[in-house]
Amino acid sequence: MIVAITGFIGVLLGAVLVYAGMALQMRHLENKEQRRRELELKVKEIETLNQLNKKINEILQKRATMLDEYVSFDAFDDCYITIDDFAYLQSFSAQNSFYLPNYILDELFKNISHRKVVLSPDETMKIGGYAYKGGRVILENFTDNLTEMINEKKSQLKNMTRQPIGFFSKDDVWS
């Protein structure tokens, strides 16, 4: 009888140890998967900001190629955004609103809309876009802010990758 009770206690103790080990392993796997998702999200945010920065720089570079048909008020201060580029920026902000901070493109559109030159629809179609007096400085400041945000996100990503994945984190997987 003592052998049966000792055996039963051993089986129960073994079951408790296996359950505890399995719970620790599942918690570790969940924490690892959560870390992977956070890293993927951070990388996607960096890629989205980088893509937006490239598009803004492309818009700033178009000035030299289309100078002959360009509406110019001040040679160093004005900006030209084609209708296609403006539509792209609006659709880009709508499609990537999850990865971009909400205020970024809203702030850009708000700041640049005050500088839009009112042209007739025929003139707008002739030059193929919108002219903004003093908008170049706003776009250059915007690219500087984007570059700063990209660098901050990269440092956050580096810090996230250096943090160890523990078995006992603050996030309770089993609740």
Original post:
Does any non-hydrogen side-chain atom of Leu29 lie less than 4.5 Å from one of Gln25?
Top reply: yes

Subject >> Spacing of OG1 belonging to Thr143 relative to CD1 belonging to Ile150, to within rounding of 0.5 Å >> reply: 10.0 Å

Subject >> Trace of the side-chain contact (heavy atoms from CB on, under 4.5 Å) decision for Asn145 with Ile104 >> reply: CA-CA 9 Å; Asn145 291 340; Ile104 293 213; over 6 Å; no

Original post:
So, for Val43 and Leu157, which heavy atoms are closest and what is the spacing to 0.1 Å?
Top reply: CG2-CD2, 3.9 Å

Original post:
Are any side-chain N or O atoms of Asn53 and backbone N or O atoms of Leu49, one a donor and one an acceptor, separated by less than 3.5 Å?
Top reply: no

Subject >> Value rounded to 0.5 Å, distance of CE in Met160 from CG in Leu39 >> reply: 4.5 Å

Original post:
Can you tell me how far CG of Asp85 sits from CD of Gln90, rounded to the nearest 0.5 angstrom?
Top reply: 11.5 Å

Subject >> All ring-ring contact (aromatic ring centres under 6.0 Å, His included) counterparts of Tyr99, not counting sequence neighbours >> reply: none

Subject >> Minimum-distance pair of heavy atoms, taken over all atoms of Lys158 and Thr161 >> reply: O-OG1, 2.8 Å

Subject >> Pairwise side-chain hydrogen bond (donor to acceptor under 3.5 Å, both in side chains) hits with a residue in residues 40-51, at least two apart >> reply: Arg36-Glu40, Lys42-Gln156, Glu45-Lys153, Gln51-Tyr88

**OP:** Examine Tyr103 and Leu105 and state if one hydrophobic cluster contains both, with Ile, Leu, Val, Met, Phe, Trp and Tyr joined whenever side-chain heavy atoms are less than 4.5 Å apart.
**Re:** yes

Subject >> Interatomic distance, Leu52 atom CG to Leu100 atom CG [nearest 0.5 angstrom] >> reply: 6.0 Å

Subject >> Closest non-hydrogen atom pair between Glu140 and Leu60, with its separation >> reply: CG-CD1, 3.9 Å

**OP:** State plainly whether one hydrophobic cluster holds both Val18 and Val11, where clusters connect Ile, Leu, Val, Met, Phe, Trp and Tyr through side-chain heavy atoms under 4.5 angstrom apart.
**Re:** no

Original post:
Taking C-beta and beyond as the side chain, do Ile56 and Leu108 meet within less than 4.5 Å on heavy atoms?
Top reply: yes

Original post:
Is it true that Glu107 and Lys110 make a salt bridge, defined as a side-chain N closer than 4.0 Å to a carboxylate O?
Top reply: yes

Original post:
At what distance, to the nearest 0.5 angstrom, does CG of Leu13 lie from CZ of Phe8?
Top reply: 12.0 Å

Subject >> Heavy-atom closest pair, residues Met149 and Pro101 >> reply: CE-CG, 3.4 Å

Original post:
Has Lys55 got more than 12 heavy atoms of other residues, nucleotides or ligands less than 6.0 Å from its NZ?
Top reply: yes

**OP:** Go through Ile59 and Phe86 one step at a time and tell me if the side-chain contact (heavy atoms from CB on, under 4.5 Å) criterion holds.
**Re:** CA-CA 10 Å; Ile59 290 170; Phe86 194 77; over 6 Å; no

**OP:** Give, for atom CG of Leu146 and atom CG of Asn141, the distance between the pair rounded to the nearest 0.5 Å.
**Re:** 11.0 Å

